[in-house]
There are 2 protein chains.
Amino acid sequence: MYRDRIRLKSLWGKVVTPEEAALLIRDGMTIGMSGFTRAGDAKAVPLALAERAATERLKVTLMTGASLGNDVDRILTEAGVLARRLPFQADPVLRKAINRGEVMFVDQHLSETVELLRSRQMGPVDVAVIEACAITETGGIVPTTSIGNSATFAILAEKIIVELNLTQPLDLEGMHDVYIPTRRPFREPIPVVTAESRAGLPCIPIDPSKIAAIVVTRKQDSSATILPPDGETRDIAGHLIEFLDREVRQGRLGRSLNPLQAGIGTIANAVLHGMIDSPFHDLTMYSEVLQDSTFDLFDAGKLTFASGSSITLSAGKYAEVLPKIGSYKGRLLLRPQEISNHPEVIRRLGVIGINTALECDIYGNVNSTHVNGTQMMNGIGGSGDFARNAHLAIFVTKSLAKDGRISSVVPMVTHTDHNEHDVDVLVTETGLADLRGLAPRERAETIIRNCVHPSYRELALDYHRRALQRGGHTPHLLEEAFSWHLRYQQTGSMQPA
Amino acid sequence: MYRDRIRLKSLWGKVVTPEEAALLIRDGMTIGMSGFTRAGDAKAVPLALAERAATERLKVTLMTGASLGNDVDRILTEAGVLARRLPFQADPVLRKAINRGEVMFVDQHLSETVELLRSRQMGPVDVAVIEACAITETGGIVPTTSIGNSATFAILAEKIIVELNLTQPLDLEGMHDVYIPTRRPFREPIPVVTAESRAGLPCIPIDPSKIAAIVVTRKQDSSATILPPDGETRDIAGHLIEFLDREVRQGRLGRSLNPLQAGIGTIANAVLHGMIDSPFHDLTMYSEVLQDSTFDLFDAGKLTFASGSSITLSAGKYAEVLPKIGSYKGRLLLRPQEISNHPEVIRRLGVIGINTALECDIYGNVNSTHVNGTQMMNGIGGSGDFARNAHLAIFVTKSLAKDGRISSVVPMVTHTDHNEHDVDVLVTETGLADLRGLAPRERAETIIRNCVHPSYRELALDYHRRALQRGGHTPHLLEEAFSWHLRYQQTGSMQPA
Ligand SMILES: CC(C)(COP(=O)(O)OP(=O)(O)OC[C@H]1O[C@@H](n2cnc3c(N)ncnc32)[C@H](O)[C@@H]1OP(=O)(O)O)[C@@H](O)C(=O)NCCC(=O)NCCS
Ligand SMILES: CC(C)(COP(=O)(O)OP(=O)(O)OC[C@H]1O[C@@H](n2cnc3c(N)ncnc32)[C@H](O)[C@@H]1OP(=O)(O)O)[C@@H](O)C(=O)NCCC(=O)NCCS
């Protein structure tokens, strides 16, 4: 029954068990696996690998597109298989191992990993493990719900293991656009000039003799846990849509806006969801992850086209959308993350990028990754690719965390992922700060007034006032810059006693 | 005698004194002036403006390409003309006014200013003041030793004042390539695929009726003060060339390397100078500023082509090169800074970017702009455009400043312009740290070992050891992260008593 999905018949003999396939992976190797934000990840071989590690020394460098589902990162961490991990993760157990220094995590801009591999600044890739919904007559690999870095992993790898997932609908075929930039010094412009542009192939072109094993699986993608919008995320969405509407009325954007990107997570999803009742129409997306809201916008007739690198849905939406995914054909394209996140394309299209900050500071610098400047949360992901090159780089966050014991707007961020130069607009539930064309002292004024929660506003004003007395382009009191964080560490709250 | 430089005869009547031209500029206006790193700046009208400010209220927003020569920024500051200034400056008097909060300085990536103007997120531009060596038969403006933002300023401005500089050699004509990206949503790829690519026009195409005044000048560009290489800059160059040679031997680069970019200043100039005696050949540059070393490399037969946005030379080199600039025709192209610094092109070409850090930290984050996180030095300039998109993002700095009272490598930078994700290689005179593919803990180890001056090494190791005990992906002791800076403020030295 699975054989009709392996259209190059000479590969039929390659079908093996996950355990047999996993034997191709040996201690010390560098492995490139499919998987981007829980979608289209390899689901069987990594588990077989974890089992083997119980009885033999087996440590690898694991590269993926982005985060994985099916607890793969947890299981591999617990089995002690991960020596190095890149370029992104979002697993609580792996996160702890990274923060203990047990797994070397290399946190990279998502567009850059394969560029480093291609130029041999990292690598080589020994084995690629790629989930597929089919293999074509010529041996091309048809990916599933994500492309991520799969295409380049497969092209560069010495050997390829294909995980043929029978639960992934064959209707996905034709929804991928695999374009790989040509090699320097002969690199041509990337021929993507609209969200809709088709530039490449519907499958990953490889030499079929590199396919060393095929494993048949039936496990579904893990679902995303998207919390329903609450009052605060609704307020954030409201401020942002009001702002965009003003941009339209002032003639800086059309009613279809520019192509939209939205980061993963509850707030970004809520913001996109808010577009359903907005005055905008014929929207397009040029994003990484297509979430529930993408399909809600399609179904509401608001969205004409969505380009991404993965389809990551909640359980309910997954059950609803996947069986009818064919009905979105012609309106939806999945690309390698190098292309979905490419500076060249994002700048050309003038994408509106909406990403979530962990914390930001009164001058508009954003920390996306490090709690207290030390503990890794997930990674920078694609937020830098988008924010640096966007027409509008928007960061959203709730103004408070941990029931108000943390202010997400602080005097100085403890780690900078996006600095003043790359942050155009900051939004919390209390308001929106439009930072374009402002100097730091002006940025601080509007951020404190609009984005800091009232319970911290006077404290922020006091810091800024005293810093101003000391002067400087970006006034700070270095000895107090992290005092809020230190107070939280000492007393459990950023609020003074 | 100047009339043969105004080939559109109907413009002859527009020639006026600088004072008359300056009357076009009124209080509250936004002015775009030519000038990039002391080259090709407007030299007469700004001085007339400063004089007027003695007797009337006159405050403007001044935009340029980058820094100006001829003390223009000082004179305008002292006259109180500058309300806002962007996107870069390097004048000691203006710097102080910025740090006192008297001039609102908007520090931007150099590729981005005109993108913001074009999309009307800043602006409008009331008057453009552009230095030219000629006006063509159709009214096109032929720039001089820089293009910077001049083309877009002129195209967007309501009125244009041309400063026709008779000392600028007419041989410059034909050495400019004015390409302006098409408008979104119809933007096409930028047709620059090698350093040599010609994509646009030899002059700035404008409606000649916008030329409201022409001023004839005879003042030369200010010269750059490039210090001769010393032992330390020679060591930095040595480490870097050794590293690049290793990249060649390992097959990651060819003997012609990739196109080179080097930031302004003594160290960058010394590094390029070091290439004269290197094993590399047929080098190309895709840079912003072409300094003395560019012409030394040409004359040594090492360089085949240089693309930049300005020619900025020391006094001796200026006197030598300018009169024979025509002999470099076909080997040298000046582009708008939007194109010389464009993410799309830099990534496509795989530029090797070499920029100077003010300070960096043990994890490889770089501060290019803010002393003690507060006092602006110059601005981020093009360093972010290049570092983010380069094949290799290299930062250089001497390991010590202020006679050893400051370590340029600190536990945590007080301001982040380039973070861990964008810094591949760090070089000081003590050594080189290759950070590619490393996790923060590993980065710290190699940076401390190779780049920290011996007189601070034990101190850095001690900080890192104690931070490691506390754990985290990027171990820090928040309460001590700025202790070196605070000690310097309190005692005049980062060294403990
Ligand atoms: C920043 C980021 C972690 C926010 O994630 P999120 O799920 O929307 O945010 P939440 O509000 O649920 O916060 C996540 C956790 O951080 C905590 N947190 C939030 N703000 C905090 C702060 N300022 N300080 C400390 N902890 C904070 C929350 O309390 C929560 O903790 P918990 O897991 O113990 O409940 C996430 O968006 C991210 O990883 N971004 C970087 C990558 C990226 O932007 N990619 C874009 C394209 S995919
Ligand atoms: C970083 C930058 C300021 C270094 O400039 P430089 O002229 O090579 O450096 P110098 O070593 O002469 O240092 C300049 C001043 O900073 C001081 N300085 C250097 N390191 C310092 C540190 N870590 N802390 C405090 N002051 C420091 C020097 O003592 C010197 O002071 P002085 O003017 O009182 O003598 C400069 O390269 C810059 O502005 N870069 C940002 C823009 C950029 O990178 N553009 C790239 C393309 S043009």
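Keep in mind it's a predicted model, so treat the numbers as computed, not measured. Throughout, protein chains are lettered first and strands after them, A, B, ... in sequence-line order, and every chain is numbered starting at 1.
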May I ask you to test the Asn389(B)-Pro343(A) pair for a side-chain heavy-atom distance under 4.5 Å?
yes

Can you tell me if Arg465(A) has over 12 outside heavy atoms packed within less than 6.0 Å of its CZ?
yes

Heavy-atom closest pair (Arg184(B) atom, Arg347(A) atom, distance to 0.1 Å) is NH2-O, 2.7 Å

Looking at Val345(B), Ile346(B), Thr182(B), Asp422(B), which makes the most heavy-atom pairs under 4.5 Å with chain A?
Asp422(B)

Any idea which of Met412(A), Gln108(A), Arg470(A) has the most non-hydrogen atom pairs under 4.5 angstrom with chain B?
Met412(A)

If I measure from the heavy atoms of chain A, does Leu349(B) come under 4.5 Å with its side chain, its backbone, both, or neither?
backbone

As an exercise, state the distance from CZ of Phe186(A) to OG1 of Thr194(B), rounded to the nearest 0.5 Å.
10.5 Å

Check each atom of Met104(B) against the heavy atoms of chain A and say whether the ones under 4.5 Å are side chain, backbone, both or neither.
both

For chain B, which candidate among Glu442(A), Gln489(A), Arg443(A), Glu247(A) shows the most heavy-atom pairs at distances under 4.5 Å?
Glu442(A)

Under 4.5 Å from a heavy atom of chain A, the part of Arg100(B) involved:
backbone

Ser483(B), part contacting chain A, at a heavy-atom distance under 4.5 Å:
neither

Check against side-chain hydrogen bond (donor to acceptor under 3.5 Å, both in side chains), His476(B) and Gln375(A)
CA-CA 9 Å; His476(B) 267 303; Gln375(A) 304 283 320; over 6 Å; no

Can you say whether Arg84(B) sits under 4.5 Å from chain A via the side chain, the backbone, both, or neither, judging by heavy atoms?
side chain

With a 4.5 Å cut-off on heavy-atom pairs, point out which of Glu479(A), His391(A), Glu115(A), Arg95(A) contacts chain B the most.
His391(A)

Honestly, the part of Ala467(B) sitting under 4.5 Å from a heavy atom of chain A is neither

Please classify the contact between Asp417(B) and chain A as side chain, backbone, both or neither, with a heavy-atom cut-off of under 4.5 Å.
both

Polar contact flag, side-chain donor to acceptor under 3.5 angstrom, Thr474(B)-His370(A):
yes

Okay, side chain of Arg348(B), backbone of Ile190(A): is any donor-acceptor separation there less than 3.5 Å?
no

Taking every non-hydrogen atom, the tightest pair across Asn419(B) and Thr416(A)
ND2-O, 2.9 Å

Just give me the residue among His485(A), Arg252(A), Met376(A), Arg388(A) that pairs up with chain B most often, heavy atom to heavy atom, under 4.5 Å.
Arg388(A)

Which class fits the ring pair Phe105(A) and His473(B): parallel under 30°, tilted 30 to 60°, perpendicular over 60°?
tilted

Part of Leu86(B) within contact of chain A (heavy atom distance under 4.5 Å)
neither

Non-hydrogen atoms of chain A under 4.5 Å away: do they reach the side chain of His421(B), the backbone, both or neither?
both

